[in-house]
Amino acid sequence: MDWVALGVTAQLAACTTAVLFVLGVPLAYWLATTRWRGKFLVEAVVALPLVLPPTVLGFYILLTTGPGGIVGRGYEAATGGRLPFTFAGILVGSVLFNLPFAVRPFAAAFAAVDRRLVEASWCLGVSRAGTFVRVVLPLAWPGVLAGLVLTFAHTVGEFGVVLMVGGNIPGVTRTLSVAVYDDVQSLDYAAAGRTALALLGFAFAVLCAANALGRRGQPV
């Protein structure tokens with residue numbers, strides 16, 4: 001097991017999950033409650049990473065965050081550094097790639113909340129923000145938690161976007177999935193097998209946890 005790659009992987013998964021919790025919850029709640037006719041466009045953008053090859057998404061992220069891209073120029077002007085082939089770069093790619101794995105379960109959980117309870121809270125004088133925190137979020141929490149678990153697990157197994165945006169720099173951008181690829185390339189099948197088996201066991205455990213959370217009343 002490459003313990004350095006394990007550390008980078010765990011850090012990337014934790015950061016991705018935290019960022020998507022902050023950004024994904026308001027976006028998902030808006031998707032679950034808005035009556036805007038054009039929301040299907042936003043839903044399509046959110047779901048795009050599900051059907052787009054990771055290397056294609058990684059290629060566009062690389063162009064956008066590179067020195068010639070609009071995001072890359074803005075980041076360089078603000079920080080003096082560059083995003084490609086850094087931990088910050090693979091974090092940006094990971095957040096975009098995992099967007100549907102967080103937002104879709106969140107939105108499904110929010111949509112399942114009984115609107116009569118929300119309206120009753122409003123009638124009792126509780127603000128919309130207070131109603132969200134005290135009524136909606138607690139009721140939708142199993143679905144939100146399932147989305148966070150899936151996001152963390154999917155980040156652990158991500159390969160294409162990480163390799164395109166971050167390359168293979170030990171201790172910086174080299175994750176476990178890249179380590180497996182490296183071991184196979186060097187014909188070290190025993191090391192690749194150990195890492196792959198660990199990832200397989202982790203993925204199975206996460207799916208069991210997500211399904212258990214889903215059965216608590218909120219669809220995943």
Side-chain angles (χ1 to χ4, degrees), residues 1-25 27-28 46 49-50 54-55 57-58 61-62 65 75 79 81-106 109 141-186 188-214 220:
M1 177 70 75
D2 186 336
W3 297 106
V4 176
L6 176 62
V8 174
T9 303
Q11 185 181 2
L12 179 64
C15 291
T16 300
T17 304
V19 171
L20 281 176
F21 176 72
V22 174
L23 300 180
V25 164
L27 174 59
V46 170
L50 291 175
T55 50
L57 180 62
I61 294 174
L62 188 61
T65 60
Y75 183 83
T79 67
R82 293 184 175 180
L83 282 172
F85 309 110
T86 65
F87 182 81
I90 61 174
L91 178 59
V92 172
S94 180
V95 167
L96 293 175
F97 187 66
N98 284 288
L99 198 60
F101 294 91
V103 173
R104 289 166 65 92
F106 293 172
W141 185 245
V144 173
L145 185 57
L148 294 176
V149 171
L150 286 175
T151 300
F152 188 93
H154 193 253
T155 305
V156 169
E158 169 48 22
F159 174 74
V161 171
V162 170
L163 193 62
M164 287 291 287
V165 179
N168 184 6
I169 305 173
V172 180
T173 63
R174 189 172 193 253
T175 60
L176 285 178
S177 56
V178 177
V180 171
Y181 176 78
D182 256 3
D183 290 336
V184 172
Q185 288 293 97
S186 60
D188 189 353
Y189 294 131
R194 288 193 293 272
T195 306
L197 184 61
L199 289 174
L200 177 64
F202 176 75
F204 181 75
V206 166
L207 286 176
C208 290
N211 288 332
L213 290 170
V220 178

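Reckoned from all heavy atoms, side chains included, excluding hydrogens, waters and symmetry mates. For reference, positions follow the sequence shown, starting with 1. Not measured: the values here are computed from a predicted model.
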When you compare the side chain of [Y] with that of [X], does any pair of heavy atoms fall below 4.5 Å?
X   : Y    : value
L96 : V161 : no
L57 : P49  : yes
T16 : F152 : no

What's the separation between atom [atom1] in [X] and atom [atom2] in [Y], rounded to the nearest 0.5 Å?
X    : Y    : atom1 : atom2 : result
W141 : L148 : CH2   : CG    : 5.5 Å
L20  : S94  : CG    : OG    : 7.5 Å
F204 : L199 : CZ    : CG    : 15.5 Å
T55  : L62  : OG1   : CG    : 12.0 Å
L176 : T9   : CG    : OG1   : 3.5 Å

Problem - Check against side-chain contact (heavy atoms from CB on, under 4.5 Å), D183 and Y189 - result: CA-CA 6 Å; D183 290 336; Y189 294 131; over 6 Å; no
Exercise for the section: Kindly write out the residues that satisfy ring pair (Phe, Tyr, Trp, His ring centres under 6.0 Å) with F101, not counting sequence neighbours, or none if the list is empty. Expected result: H154
Provide the closest heavy-atom pair for [X] versus [Y] in the form atom of the first, atom of the second, distance.
X    : Y    : result
A102 : T151 : CB-OG1, 3.4 Å
M164 : F85  : O-CE2, 4.3 Å
G58  : V165 : O-CG2, 3.8 Å
F106 : V144 : CE2-O, 3.1 Å
A109 : G143 : CB-CA, 3.7 Å
L91  : C15  : CD1-CB, 3.7 Å

Test item: [X] side-chain N/O and [Y] main-chain N/O as donor-acceptor pair under 3.5 Å:
X    : Y    : value
Q11  : A13  : no
T195 : A192 : no
T65  : L83  : no

Exercise for the section: If a pair satisfies ring-ring contact (aromatic ring centres under 6.0 Å, His included) and one of its residues is in residues 164-185, list it, with sequence neighbours excluded. Expected result: F159-Y181
Problem - Pair N98-T155, side-chain donor/acceptor within less than 3.5 Å - result: yes
Practice task
Tell me, with the steps shown, if R104 and L50 meet side-chain contact (heavy atoms from CB on, under 4.5 Å).
Solution key: CA-CA 11 Å; R104 289 166 65 92; L50 291 175; 3.8 Å; yes
Practice task
Kindly state each residue pair satisfying side chain to side chain donor-acceptor pair (under 3.5 Å) with at least one member in residues 161-179, sequence neighbours excluded.
Solution key: D2-R174, N168-R174, N168-D182, R174-D182, T175-S177
